[in-house]
J.: 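Dumping the structure here so I can ask a few things about it.
Convention: sequence-line order gives letters A, B, ...; per-chain numbering from 1. Heavy atoms only: backbone and side chains are in, while hydrogens, waters and symmetry mates are out.
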Amino acid sequence: MAAPFNHRAVEEKWRKNWEAKPVNVNDGKKPKYYCLDMFPYPSGNGLHVGHWRGYVISDVWSRYKLMQGYYIIHPMGWDAFGLPAENYAIKMGVHPAKSTAANVANIKKQINDIAALYDWDMEVNTTDPEFYKWTQWIFVKMFKEGLAYEKEFPINWCPSCKTGLANEEVVNGCCERCGATVTKKNLRQWMLKITAYAERLLKDLEKLDWPEKVKKMQSDWIGKSYGAEVDFPVEGREEKITVYTTRPDTLYGATFMVLAPEHKLAASLATEETKEAVDKYIFDASVKSNVDRLQDKEKTGVFTGTYAINPLNGARVPIWLSDYVLADYGTGAIMCVPAHDDRDFEFATKFNIPIIQVIAKDGKEIENMTEAYTEASGVMINSGEWNGMESAVLKKEAPLMIEKRGLGRKTVNYKLRDWVFSRQRYWGEPIPIIHCPHCGNVPVPEEELPLRLPEVESYQPTGTGESPLAAIDEWVNTTCPVCGAPAKRETNTMPQWAGSSWYFLRYVDNHNSQELVSREKADKYLPVDMYIGGVEHAVLHLLYSRFYTKFLHDIGAVDFDEPFTKLFNQGMITGKNGIKMSKSKGNVVSPDDLIRDYGCDALRMYELFVGPPELDAEWDDRGIEGVARFLKRFWNLVLDNKDSGVKETKESLKLRHQMVHDITTRLDAFSLNTVISGFMESNNKLIDLAKKQGGMDKETLETAVTLLAPFAPHISEELWEQLGHEETVFAHGWPKADAESMKDEEKEIAVQINGKTRAVVNISVNATKEEAIAAGKAAVADRLEGNLVKEIYVPGRIINLVVK
RNA sequence: GCAGGAGUGGCGGAAUGGCAGACGCAUCAGACUCAAAAUCUGACGUAGGUGACUAUGUGUGGGUUCAAGUCCCAUCUCCUGCACCA
């Protein structure tokens with residue numbers, strides 16, 4: 001009998017061995033495979049079993065690729081700018097850099113417990129000036145290309161804290177910190193013109209091997225629509241109002257027009273009689289929060305007293321203001337066709353505005369319309385020269401027809417907005433811009449980067465909605481790099497997304513002081529082949545990264561324009577009843593005790609066994625017993641039989657190839673939970689067979705150890721060594737299944753009568769249909785009554801006898 | 001409201017249209033033990049039968065098929081995302 005499996009001794013031994021002699025080495029000849037984890041925020045709470053899951057998945061995949069002959073790029077780093085460190089600083093007075101460094105050290109230690117292939121020589125940290133130098137450099141490049149610009153913009157404003165808030169910091173319309181109702185305030189903001197890339201960001205989704213769900217979320221977020229802009233003259237005025245519509249086919253049915261209260265003409269359209277009401281409406285809308293605006297069940301609005309002219313038929317169209325029209329989509333003004341739009345219908349009904357149906361439903365006009373008919377299908381009516389046309393056809397053709405007649409133009413629109421890029425916070429990258437009274441906005445010269453974040457005395461917001469940086473006069477006051485005149489620095493910082501939008505490029509050349517990444521290394525090691533992380537970044541981080549990569553491609557920094565070829569989103573590990581693990585809920589499971597009691601290998605395997613990797617899973621400690629038992633049995637199987645001297649048999653050969661085939665196909669399909677059950681099942685079969693044969697041939701044992709290596713690397717290395725190998729198991733190629741060896745001579749086939757199984761027979765795989773049917777009939781002879789009308793034999797699957 | 005995903009034993013979950021419930025957890029019984037733990041063997045959807053077995057069973061109702069958890073139609077529930085984008 002072999003000595004029992006002692007996971008602690010085995011794991012300790014191999015950690016040391018791997019440190020002395022790494023298994024993943026770049027010999028310059030092997031092809032690269034870049035397998036990346038979404039890098040973590042170094043929180044003070046440390047890792048729980050949920051964090052482990054993604055890291056285990058990526059490591060298993062990396063080790064599998066390693067055994068397939070690749071050099072693996074598998075780096076790790078820290079997304080370390082962000083609010084928790086800043087809030088901790090406000091509370092405790094500890095500099096964020098200090099608390100961050102402590103957290104990094106702690107989490108790094110915990111991550112090392114996973115025994116992943118991480119190459120710490122590649123480590124990056126977004127708060128390291130040598131890193132954010134390049135974050136700032138990209139911003140300067142964007143500024144020079146006109147993609148970073150300043151804009152006065154109504155942002156969320158907390159009147160109690162006297163500070164601007166990000167959307168994420170507004171919870172149910174209230175300030176996350178103090179609970180006050182959030183209003184709006186115009187603040188000068190830095191914006192990135194991501195909309196300039198909308199079309200490419202949409203189109204290039206096609207070439208990505210990403211979950212359809214994520215692609216769809218991005219494409220919805222970008223929100224492309226086709227339509228027309230139509231210019232409506234305003235009665236008694238020079239200016240025209242342009243509206244955007246995706247339904248130009250319904251133009252004849254436009255009975256009113258609505259402008260967003262923020263529309264630049266809104267106030268000026270009021271007449272003497274309506275002025276008071278209009279001004280009040282505009283003011284009320286300006287202080288109303290987004291949330292209130294969305295949650296208002298009933299539509300509100302005010303008539304300006306002014307009319308527009310429908311350019312197609314000359315009809316007078318009253319102009320209203322209403323906050324259901326968004327100021328920053330399309331033109332901020334819409335034509336309203338109550339007969340064919342739900343919102344317009346609701347508004348028209350409330351304010352007694354006429355409703356004109358222009359598309360026949362089921363071939364006729366609807367009497368007493370109770371809801372809008374929104375389908376673009378049916379024949380046009382009440383539409384002048386368009387009468388009789390098919391609405392769906394007209395919808396497509398109308399934009400060009402309108403354009404040809406000079407009434408407007410064919411247009412596409414996107415929901416995607418430019419990216420609000422500035423934060424009034426301390427703990428972020430300073431925006432490297434200098435405001436000069438003579439030269440305007442001037443970027444900090446590239447050779448002066450990084451622009452370091454200065455020390456401050458108070459991390460508290462200043463009270464004016466400016467970053468704490470604004471209070472440091474000696475930092476703010478500088479000279480203009482162009483004309484030398486006294487000038488002031490920008491005091492806003494970048495959002496946390498800035499560093500994470502490009503960090504994956506830096507890993508492969510993280511010490512380069514001359515370039516963000518050298519072209520040579522970029523060409524050799526990038527882009528990322530496999531990206532693994534949670535689905536919560538589906539639009540934000542993943543969209544921003546694609547935008548940054550496309551920009552860097554356009555300025556020649558890299559030669560690819562998509563950062564992540566393949567993406568996998570792992571599900572979340574939750575506590576009991578699907579409740580998210582959190583300190584306050586007290587349901588956090590730490591990996592530490594589990595590693596001590598069961599070992600790293602067992603925990604790695606259980607993280608996979610817990611459920612399909614793409615779905616959420618409830619953690620249950622008890623389940624780990626199962627994989628721990630499996631590892632013990634496997635250990636005993638190998639060590640008790642390695643010297644048995646038993647030669648390969650037909651059965652063991654078949655079992656071996658079946659095992660290789662099953663594990664490999666499941667692994668390729670990323671069905672990692674069934675890979676683990678596959679190991680358990682094979683192990684049970686091997687144990688039975690070894691018992692029956694009085695031993696097991698060495699090659700079969702070796703193959704099993706090889707297959708297990710990516711999942712349970714420590715025990716596999718130990719068994720591999722005990723099987724007499726000097727070189728690491730990871731230098732061994734991934735086994736291949738031979739279809740011939742897997743074949744059965746006989747197969748168990750169910751015999752059904754009218755689809756119900758009545759017997760099971762053994763049939764040679766080479767049997768003819770006649771032979772098979774005959775065997776089947778013989779097996780169920782006593783139950784065959786009536787007329788046999790059909791005989792079905794699917795080789796290797798089923799015999800079905802249809803009787804009447 | 002719109003879009004996407006999911007409903008299978010006590011639980012987590014398996015099933016290229018071909019014997020539903022693999023694998024594991026929990027439970028029960030047996031072996032070993034003075035005993036317990038560990039380990040090993042076996043049982044384990046539901047109903048009926050001493051039994052080999054029989055009937056029934058994948059949210060619900062229909063349909064296609066020799067054959068449906070799987071395909072089609074309808075419907076209910078849950079989860080996720082988006083949400084006045086004209």
J.: Mind checking who B/rG57 pairs with, Watson-Crick or G-U wobble, both distances under 3.5 Å?
T.: none
J.: Any strand counts, and the cut-off is 3.5 Å on both contacts for Watson-Crick or G-U wobble. Which nucleotide pairs with B/rC66?
T.: B/rG18
J.: Examine B/rU56: is either OP1 or OP2 under 4.0 Å from a nitrogen or oxygen in the side chain of A/Lys756? Give yes or no.
T.: yes
J.: May I ask you to evaluate whether A/Arg629 reaches the phosphate of B/rC25, defined as a side-chain N or O under 4.0 Å from OP1 or OP2?
T.: yes
J.: Closer than 4.0 Å, any side-chain N/O of A/Tyr324 to the OP1 or OP2 of B/rA86?
T.: no
J.: B/rG24, OP1 or OP2 - any side-chain N/O from A/Arg622 closer than 4.0 Å?
T.: no
J.: To the side chain of A/Glu748, which of B/rA86, B/rC19, B/rG18 is closest?
T.: B/rC19
J.: Measure from the side chain of A/Arg758, starting at C-beta and using heavy atoms only, and say which of B/rU41, B/rC19, B/rA55 lies closest.
T.: B/rA55
J.: Would you say the side chain of A/Lys299 and the base of B/rC84 hold a donor-acceptor pair, judged only by whether the two atoms sit under 3.5 Å apart?
T.: yes
J.: Between B/rU8 and B/rC2, how far apart are the two C1' atoms, rounded to whole Å?
T.: 29 Å
J.: Picking from B/rA83, B/rC19, B/rG81, which would you name as closest to the side chain of A/Met217?
T.: B/rG81
J.: Out of B/rA86, B/rC66, B/rA55, which has the shortest distance to the side chain of A/Lys790?
T.: B/rC66
J.: Counting only side-chain N and O atoms of A/Asn684, is one of them less than 4.0 Å from OP1 or OP2 of B/rG24?
T.: yes
J.: Side-chain N or O of A/Lys395 less than 4.0 angstrom from OP1 or OP2 on B/rA86?
T.: no
J.: May I ask you to say what A/Phe609 touches in the nucleic acid, namely base, sugar-phosphate or nothing, with a heavy-atom cut-off under 4.0 Å?
T.: base
J.: Return no unless some side-chain N or O of A/Ser225 is found under 4.0 Å from OP1 or OP2 of B/rA86.
T.: yes
J.: Return the nucleotide paired to B/rG4: Watson-Crick means purine N1 to pyrimidine N3 with N6-O4 or O6-N4, wobble means G-U with N1-O2 and O6-N3, both under 3.5 Å.
T.: B/rC79
J.: Go ahead and name the base partner of B/rU33; Watson-Crick or wobble counts if both distances stay under 3.5 Å, otherwise write none.
T.: none
J.: Quick one: look up who B/rG10 pairs with, Watson-Crick or G-U, both distances under 3.5 Å, and put none if it's unpaired.
T.: B/rC25
J.: With rounding to the closest Å, how many angstrom separate the C1' atoms on B/rG7 and B/rA52?
T.: 36 Å
J.: Rounded to whole Å, how long is the line connecting atom CG of A/Asn673 with atom P of B/rC11?
T.: 18 Å
J.: So that I can tick it off, tell me whether A/Asp220 and A/Lys216 are bridged by a salt bridge, with the cut-off set at under 4.0 angstrom between side-chain N and carboxylate O.
T.: yes
J.: To the nearest Å, how far apart are A/Phe630 CZ and B/rC40 P?
T.: 13 Å
